[in-house]
Student: 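Next up is a structure, given as structure tokens.
Along the sequence shown, the residues carry numbers beginning at 1.
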Amino acid sequence: MLSTVLSSGCSDAAGLAGNLFAFVLFVSPIPTFRRIIRNQSTEQFSELPCIYALLNCLICLWYGMPFVTPGVILVATVNSIGAAFQLIYAIIFIIYADKSKKLRMSALLIAVFAFFGMVVFVSLRFLETHLRQMVVGYLSVFSLISMFASPLFIINLVIKTQSVEYMPFYLSLSTFLMSLSFSTYGVLKFDPFLYVPNGIGTILGIVQLALFYYYSSKYGEGSREPLLASYA
């Protein structure tokens, strides 16, 4: 009984820590969008990171809902906040983008919500409880692993340029801590759909921090605000 209480308490603590570190990632693009608003232009920024992040948050939000996966509500809370942030960023992008980007971003936004609506409808209408969790779980894993393409790109860029300009330290640290927290949360909840992708994120976070230490100590530290962070 005591071990169950301790395990539950530890998992909740890990989940809350993950929510806190994820919030840091959610607000990290704010300086970039302030710049967009100030200059009234999206310049050369891409809309794709925002779209990928929104879709990822929506899928993971659905996976964390009690009627899909009981007992992991902290996954739903963090991704509901993340989805709200990404939607706001998307709206700002649409407002200040040129006509071609505006149309493309609007179409992508509609496609994201159409796909999410289809996932919700199919999982509720046609799938039983266990199968529903499995299908949505695999979708969330695929979505999270796809999001890790961004850190892989950044790692490759750092190695090629031998500069940490595009990999701010606190963003890398928050990504690592968030992935570690949700990986621990998944282990304590015996949920491979949580600990497998976030375990991968933890490893990538360690690689980013190691590269930051190596290149910043060897060549000096630069900084640049990223358009969007990737999160789980």
Student: Measuring only between side-chain heavy atoms, which start at C-beta, is M178 closer than 4.5 Å to L25?
Tutor: yes
Student: Would you mind reporting whether L188 and T184 have side-chain heavy atoms less than 4.5 Å apart?
Tutor: yes
Student: Donor-acceptor check, side chain of N79 to backbone of G82, threshold 3.5 angstrom: yes or no?
Tutor: no
Student: Backbone N or O of V72 within a donor-acceptor pair of the K189 side chain at under 3.5 Å?
Tutor: no
Student: Judged by modelled atom types alone, do D191 and Y63 share a side-chain donor-acceptor pair under 3.5 Å?
Tutor: yes
Student: For Q40, is there any backbone N or O sitting under 3.5 Å from a side-chain donor or acceptor partner on R35?
Tutor: no
Student: Please tell me whether I145 and V136 are part of a single hydrophobic cluster in this structure, the criterion being side-chain heavy atoms less than 4.5 Å apart.
Tutor: yes
Student: Are F23 and N19 packed together at the side-chain level, in the sense that at least one heavy-atom pair is separated by less than 4.5 angstrom?
Tutor: no
Student: Honestly curious: do L55 and F113 fall in one hydrophobic cluster under the side-chain, below-4.5 Å linking rule?
Tutor: yes
Student: Would a distance-only check, ignoring hydrogens and angles, find a side-chain to backbone donor-acceptor pair under 3.5 Å from N56 to Y52?
Tutor: no
Student: Has the side chain of T77 got a donor or acceptor atom that lies under 3.5 Å from a matching backbone atom of L74?
Tutor: yes
Student: Examine distances only and state if a side-chain atom of R132 and a backbone atom of L127 form a donor-acceptor pair shorter than 3.5 Å.
Tutor: yes
Student: S123 side chain to V120 main-chain N or O, any donor-acceptor pair under 3.5 Å?
Tutor: yes
Student: For L180, does its backbone N or O pair with a side-chain atom of T202 as donor and acceptor, under 3.5 Å?
Tutor: yes
Student: So F126 and L131, do their side chains get closer than 4.5 Å, heavy atoms only?
Tutor: no
Student: Considering the options V78, L177, L194, L144, which one meets the side chain to side chain contact (heavy atoms under 4.5 Å, CB included) requirement together with F182?
Tutor: V78
Student: Is there side-chain contact between M105 and I51, with heavy atoms separated by less than 4.5 Å?
Tutor: yes
Student: Passes side chain to side chain donor-acceptor pair (under 3.5 Å), S41 versus N39? Steps please.
Tutor: CA-CA 5 Å; S41 170; N39 296 337; over 6 Å; no
Student: What is the distance from atom CH2 of W62 to atom OG of S80, rounded to the nearest 0.5 Å?
Tutor: 13.5 Å
Student: Between F85 and Y89, what is the ring plane arrangement, given parallel below 30°, perpendicular above 60°, and tilted in between?
Tutor: tilted
